Amino acid sequence: MTKLQAHPQTATPEEVQAWLRLVEAPGVGPATALRLLSAFGMPQEVLAQSYSALLPYCGEAAAKALLAPPPDALRELTERTLAWLEQPGRRLLTLADPAYPQALLEIHDPPPLLYAHGRLECLRPPALAMVGARHATQQGMRDAERFAQALAEAGLALGIDGAAHRGALMAGEAGAGTIAVIGTGADRVYPPAHRDLAHEIGQSGLILSEFPLGAPPLAEHFPRRNRLIAGLARGVLVVEAAVQSDSLITARMAAESGREVFAMPGSIHAPLSKGCHALIKQEAKLAESAQDILEELRIQPRTAKPAAGKTQAGKASAAKPALASASRASPDALPAPAAALLAVLDAAPLTLDELSARAGLRADEAGAGMLALELAGRAESLPGGRYRRLD
């Protein structure tokens with residue numbers, strides 16, 4: 001990419017349209033765009049070439065598409081993108097932009113364009129990706145939040161799953177921030193239940209997408225998104241994963257890119273621990289604490305002091321994990337049936353019948369006791385009517 005000149009920001013409508021014409025032309029993916037830019041320079045210069053000049057770098061269909069008049073759909077996308085860029089905190093990062101993530105330049109097909117919404121400062125610290133099962137257990141989500149907060153406070157930017165983002169945001173101003181790499185256009189939220197979280201990340205963290213505005217959550221988008229996650233991060237932590245899991249694909253991409261892979265162990269009986277255990281067998285680093293990761297990455301935890309004049313609301317937010325931990329009922333405070341069940345419950349899943357037999361309780365007592373344990377955050381229900389202990 002020696003011919004690319006550094007530009008502080010793509011600003012003019014002509015520049016935006018040229019980048020979009022290059023990236024959105026049929027047959028031009030990231031690798032092809034990189035070849036064209038390396039050969040000719042900026043997109044305007046690529047588009048000024050003849051068919052015969054383009055042909056060796058992109059093939060017949062792509063060369064014809066690049067030289068054809070812009071279709072109506074591209075003009076509409078350009079107008080939508082320019083309007084989106086007018087909003088605060090929006091940025092179109094190109095390969096010629098000094099703010100473009102340097103870590104992505106190490107992968108073989110860096111995206112020519114990144115739609116960024118939020119704080120670009122989040123790209124500066126070293127980053128760790130946290131991935132896991134889409135339908136994670138309550139314990140898995142709590143572990144992800146706890147690890148994410150500790151790592152963000154130590155100076156690592158975090159992504160990608162919802163629990164990791166929430167944990168990183170809990171670190172507040174003392175943290176390194178959180179980065180959400182998404183598989184849709186930057187103007188869409190998927191899944192919709194994360195709308196409030198996406199708004200908070202856009203304010204305090206960073207949302208990145210290589211897909212054009214309006215792009216839906218197509219299945220083929222997520223492997224492309226996963227390569228960016230692996231490329232941005234110095235390592236990947238898998239919290240929970242089945243043996244056949246997208247999280248393991250991200251971990252493999254990270255390993256192939258020379259990044260560290262960490263896996264959180266779990267019960268040998270839990271299906272969502274099997275993927276993590278498989279990674280550990282394949283020499284992923286076992287992570288029982290945030291300190292395990294910091295030591296492996298050779299990151300010295302920074303000592304963060306509260307900013308002067310910090311609001312009471314900010315203090316309350318930082319105290320949330322401690323308050324949540326203190327609110328967990330001790331065995332003495334539980335109803336008698338719940339305490340009896342807790343004594344026989346462990347991480348290995350058991351049915352209600354098995355639990356009632358072990359605890360010497362009637363079925364109705366066992367049902368009420370398990371409900372009390374779930375409400376107290378001491379147990380969770382699993383598919384198939386089974387339960388397991390969470391602490």
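A quick note: this is a predicted structure, and the numbers were derived from the prediction, not measured. The figures that follow rest on heavy atoms only: side chains count, while hydrogens, waters and symmetry mates do not.
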For residues 258-293, which residue pairs pass the ring pair (Phe, Tyr, Trp, His ring centres under 6.0 Å) check, not counting sequence neighbours? none
Which residues pass the ring-ring contact (aromatic ring centres under 6.0 Å, His included) test with Tyr57, not counting sequence neighbours? Phe40
Name all residues meeting the ring-ring contact (aromatic ring centres under 6.0 Å, His included) criterion together with Phe211; count only those two or more places apart in sequence or in a different chain, and write none if there are none. His221
Sequence neighbours left out, what passes side chain to side chain contact (heavy atoms under 4.5 Å, CB included) with [X]? Give chain and number order.
| X | value |
| --- | --- |
| Ala73 | none |
| Ala251 | Val238, Val261, Leu279 |
| Arg124 | Glu121 |
| Thr32 | Val28, Arg35, Leu36, Cys58 |

Arg91 side-chain N/O to Tyr115 backbone N/O, donor-acceptor pair under 3.5 Å: no
Donor-acceptor contacts under 3.5 Å from residues 183-190 side chains, at least two apart:
| unit_1 | atom_1 | unit_2 | atom_2 | d |
| --- | --- | --- | --- | --- |
| Asp187 | OD1 | Gly214 | N | 2.8 |
| Asp187 | OD2 | Gly214 | N | 3.2 |
| Arg188 | NH1 | Gly214 | O | 3.2 |

Minimum-distance pair of heavy atoms, taken over all atoms of Leu361 and Pro337: CD1-O, 3.7 Å
I need the full list of salt bridge (charged side-chain N to carboxylate O under 4.0 Å, His left out) pairs touching [range], with sequence neighbours left out, sorted by first then second residue.
| range | result |
| --- | --- |
| residues 52-63 | none |
| residues 245-260 | Glu106-Arg259, Arg252-Glu256, Glu260-Lys285 |
| residues 189-206 | none |

Mind checking whether [X] and [Y] have side chains closer than 4.5 Å, heavy atoms only?
| X | Y | value |
| --- | --- | --- |
| Leu350 | Val344 | no |
| Tyr387 | Leu352 | yes |
| Glu380 | Leu390 | yes |

Hphob cluster co-occupancy, Leu20 + Leu22, side-chain heavy atoms under 4.5 angstrom: yes
Are Val23 and Leu218 joined in one hydrophobic group, where the rule is that I, L, V, M, F, W and Y side chains link up if heavy atoms are under 4.5 Å apart? no
Assess the side chains of Gln149 and Glu153: does a donor N or O sit below 3.5 Å from an acceptor N or O? yes
Name all residues meeting the salt bridge (charged side-chain N to carboxylate O under 4.0 Å, His left out) criterion together with Asp292; count only those two or more places apart in sequence or in a different chain, and write none if there are none. none
Which distance, rounded to the nearest 0.5 Å, do you find between the [atom1] of [X] and the [atom2] of [Y]?
| X | Y | atom1 | atom2 | result |
| --- | --- | --- | --- | --- |
| Ile280 | Met264 | CD1 | CE | 10.0 Å |
| Leu232 | Leu128 | CG | CG | 12.0 Å |
| Met370 | Leu342 | CE | CG | 8.5 Å |

Ionic contact status for Arg227 with Glu210, cut-off 4.0 Å: yes
